[in-house]
J.: 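Have a look at this one before I ask anything.
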Amino acid sequence: MTVRVRIAPSPTGNLHIGTARTAVFNWLFARHHGGKFILRIEDTDLERSRPEYTENILEGLRWLGLNWDEGPLFQSQRLDLYKEAVQKLLDQGLAYRCYTTSEELEALREAQKARNEAPRYDNRHRNLTPEQRAAFEAEGRSYVIRFKIEDGREIVWNDLVRGKMSWRGSDLGGDMVIARASEEGSGQPLYNFVVVVDDIDMQITHVIRGEDHIANTAKQILLYEALGANIPDFAHAPLILNMDGRKLSKRDGVTSIFDFKQLGFTAEALVNYMTLLGWSPPDSTQEIFTLEAAAKEFSFERVNKAGAKFDWAKLDWLNSQYIHSTPVDKLTDLLIPFWQAAGYKFDGGRTRPWLEQLVALISQSLTRLVDAVPMTQLFFRDIEFSDEASTQLKQEGSATALKGIITALESQPQLSETSAQDIIKQVVKGQNVKKGLVMRSLRAALTGDVHGPDLIQSWLLLNQIGLDKSRLNRAITEAN
Ligand code: GLU
């Protein structure tokens, strides 16, 4: 048997972290078994589906490296298939037209509520006579197609994550609606039904999805039986929870994949983190791995039943590990969009080699890519002196030291690491001052601050774009 799995997002919003994590588990399982990973866009809800969300979903999956083998298939292009299946169930007497009006359903719900019963359809139109049906039609009532669910049925499956699951037919809310009325007669098919028709048609062997679909699975198993198809295996992945233990939602701020990208997470770190949201590798000390490496080890035996808490600190840590090991040229490519978004311009000598030097200077201090923006501001924008920097510049000997540096620079317009060190030594010796004073004053003058990246390297970078002398001069004015 070839493993065939699918991710089936609805394009009613941007690619969500929960959907992406489900995609990760599907991808890992498919790759582990040398199977196929299929992408299906569930766009039957015409009112809420939007092409831009489809685009966002495809782009997000690509960005994360979750390449698919077949698709995207669009449900909206497969309506004939669903109609045929509805007709098959109608012909076999497994489904029927239900003419109950919304007012009648509302009255039913109220009565059930008054008796403290769970709301359910009472199957009242299951056995209409041809005359009754004709009378409803004559009244001009519209109908839905309901699939018969026997109350006494027990539905059991062995969930790959949760073990033995058992549901009673009576817990499923009565005969279920599988299609709404439409002019063509067989109706506009609904979610639970089309999922099954598609999964049968696409020969899906394992349905891997979020735990929020468990109740659907019970209903869907009955539909597989009715349609005479093999029932796939099911694996329900745990939900992603926020730190308070509640389902991660829009209220937690960031939930769409591109929000994470904008916050400065790399695709590799994010996808690595998502594999750990509910799964742990056999060697649980191992935390950093590529998707391919995880695929080798992946099995549902190591997927937790309990919800997976979203841990920002851990994601940050993983992200920093990835950034710190990214080669400078690639990291430069990743950072350029963040600098551009901040309005930084690559002019005045800020060439690609210069940018790469800058990246080498800060790379080990980055946790998120976006951290590069404030960290490198002093290389792109005019500086202001912080209070501490001003105090430093007013220290006795500071201005004189800076003047000494300017004089030395006259004979060394093109700085190198060695000549920069020499200039400092020369000033320390010539003026008989502490090296610390010279270094601190130089940092304050060049960067406007008393902390920051390596001073000599920063100076070299500023020297290359011709900013060091003017800043030294300005600092001397500030010192007086
Ligand atoms: N369209 C469903 C969702 O986005 C997919 C459900 C399934 O995987 O069967 O939740």
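Basis for what follows: all heavy atoms, side chains included, without hydrogens, waters or symmetry-related copies. Counting begins at 1 with the first residue of the sequence. In listed order, ligands and their atoms are each counted from 1.
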J.: Numbering the atoms of ligand 1 from 1, which are under 4.0 Å from a heavy atom of Glu42?
T.: 1 (N), 2 (C), 5 (C)
J.: Is the NZ or CZ atom of Arg31 positioned over Phe298's six-membered ring, under 6.0 angstrom from the centre and within 45° of the axis?
T.: no
J.: Going by the rule side-chain contact (heavy atoms from CB on, under 4.5 Å), which residues pair with Arg381 if we only count those two or more places apart in sequence or in a different chain?
T.: Tyr344, Gln377
J.: Short N/O distance, under 3.5 Å, between Ser10 and ligand 1?
T.: yes
J.: Return the closest protein heavy atom for atom 6 (C) of ligand 1 as residue, atom name and distance.
T.: Tyr191 OH, 3.0 Å
J.: If only side-chain N and O atoms count, and only distance matters, is there a donor-acceptor pair under 3.5 Å linking Asn319 with Tyr273?
T.: no
J.: Is there at least one pair of N or O atoms, one from Val207 and one from ligand 1, spaced under 3.5 Å apart?
T.: no
J.: Starting from atom 5 (C) of ligand 1, what is the nearest protein heavy atom, named by residue and atom, and what distance separates them?
T.: Ala8 O, 3.1 Å
J.: Closer than 4.0 Å to some heavy atom of His213 - which atoms of ligand 1 meet that?
T.: 3 (C), 6 (C), 10 (O)
J.: Can you list every pair that meets salt bridge (Lys or Arg N to Asp or Glu O under 4.0 Å) and has a residue in residues 334-345, with sequence neighbours left out?
T.: none
J.: Please tell me if the side chains of Pro232 and His206 come closer than 4.5 Å, counting only heavy atoms from C-beta onward.
T.: no
J.: List the closest protein heavy-atom neighbour of atom 8 (O) of ligand 1: residue, atom name, distance to the nearest 0.1 Å.
T.: Arg6 NH1, 2.7 Å
J.: Please check if the number of heavy atoms outside Glu384 that lie under 6.0 Å from its CD is greater than 12.
T.: no
